[in-house]
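Worksheet: one structure, shown below.
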Amino acid sequence: MTDYSEEQRNELEALESIYPDSFTVLSEKPTTFTITVTSEAGENDENVQTTLKFTYREKYPDETPLYEIVSQENLEDNDVTGIINLLEQQAEENLGMHPLKRRDSKQEGKMAW
């Protein structure tokens with residue numbers, strides 16, 4: 001039997017070590033957190049930034065998390081749509097996968113959650 005709470009706690013620890021300056025836990029029941037991502041890829045050397053909010057469902061990682069963009073800076077609508085589509089794709093591809101395996105796929109150049 002899967003201990004979903006333990007899996008989620010382990011993943012939070014991993015995420016906190018990967019994103020130490022941009023990771024914030026909002027609540028533990030349900031597990032909800034944000035990650036702020038910043039890039040210098042904007043036009044005219046402006047920073048592009050988005051804050052993503054994730055909420056684990058009760059049976060995560062066997063269920064996809066809920067996710068949304070809670071803030072953004074210098075992103076076009078099509079960029080926002082692209083981010084949401086990428087999150088959806090990655091969530092489905094990694095459904096039920098152990099957190100360590102998801103990190104391995106990230107190291108291979110895939111964005112994995």
Side-chain angles (χ1 to χ4, degrees):
M1 181 174 186
T2 302
D3 184 345
Y4 295 109
S5 294
E6 182 178 344
E7 291 255 354
Q8 292 174 17
R9 280 191 304 274
N10 291 340
E11 183 150 327
L12 286 179
E13 287 178 21
L15 289 168
E16 188 170 21
S17 70
I18 295 168
Y19 303 103
D21 298 326
S22 61
F23 178 80
T24 304
V25 175
L26 302 176
S27 72
E28 292 188 21
K29 292 219 178 209
T31 302
T32 304
F33 59 91
T34 61
I35 298 175
T36 300
V37 181
T38 304
S39 173
E40 296 176 5
E43 294 180 20
N44 303 321
D45 295 323
E46 58 191 16
N47 284 339
V48 174
Q49 180 174 299
T50 186
T51 299
L52 307 168
K53 178 180 171 184
F54 298 89
T55 302
Y56 289 160
R57 298 176 195 225
E58 184 178 338
K59 293 183 180 179
Y60 177 86
D62 289 335
E63 297 177 327
T64 59
L66 302 173
Y67 45 85
E68 64 181 297
I69 294 177
V70 293
S71 69
Q72 60 169 315
E73 184 178 315
N74 298 321
L75 284 175
E76 301 291 329
D77 288 342
N78 61 334
D79 295 327
V80 172
T81 301
I83 291 169
I84 294 296
N85 289 341
L86 179 63
L87 289 171
E88 184 176 291
Q89 175 187 355
Q90 291 297 308
E92 289 298 323
E93 287 179 9
N94 291 294
L95 189 63
M97 191 180 287
H98 188 275
L100 292 177
K101 291 182 181 176
R102 285 196 296 275
R103 277 187 279 170
D104 289 344
S105 66
K106 184 175 183 177
Q107 292 171 353
E108 294 170 5
K110 288 178 70 176
M111 182 177 177
W113 300 96

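- Within 6.0 Å of the CD atom in Glu73, the count of heavy atoms belonging to other residues, nucleotides or ligands exceeds 12.
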Item to check | Stepwise side-chain contact (heavy atoms from CB on, under 4.5 Å) check, Leu75 with Ile83 | outcome: CA-CA 10 Å; Leu75 284 175; Ile83 291 169; 4.0 Å; yes

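- In terms of heavy-atom proximity, Tyr67 sits nearest to Glu88 at OH-CA, 2.9 Å.
- Remark: Phe23 CZ to Leu12 CG distance equals 4.5 Å, nearest 0.5 Å.
- Other residues, nucleotides and ligands contribute only 12 or fewer heavy atoms inside 6.0 Å of the CG atom of Asp77.
- The two residues Phe33 and Val25 have their closest heavy-atom pair at CB-CA, 4.0 Å.
- No donor-acceptor pair under 3.5 Å is formed between the side chain of Ser5 and the backbone N or O of Asp3.
- Leu95 and Tyr4 fall into different hydrophobic clusters, defined by Ile, Leu, Val, Met, Phe, Trp and Tyr side-chain heavy atoms under 4.5 Å apart, directly or through other members.
- You'll find the side chain of Ile69 reaches within 4.5 Å of the side chain of Leu52, heavy atoms only.
- Minimum heavy-atom separation, Pro30 to Tyr56: CB-O, 3.9 Å.
- The shortest distance between side-chain heavy atoms of Thr64 and Arg57 falls below 4.5 Å.
- The neighbour count for Glu28 CD, taken as heavy atoms of other residues, nucleotides or ligands under 6.0 Å away, does not exceed 12.
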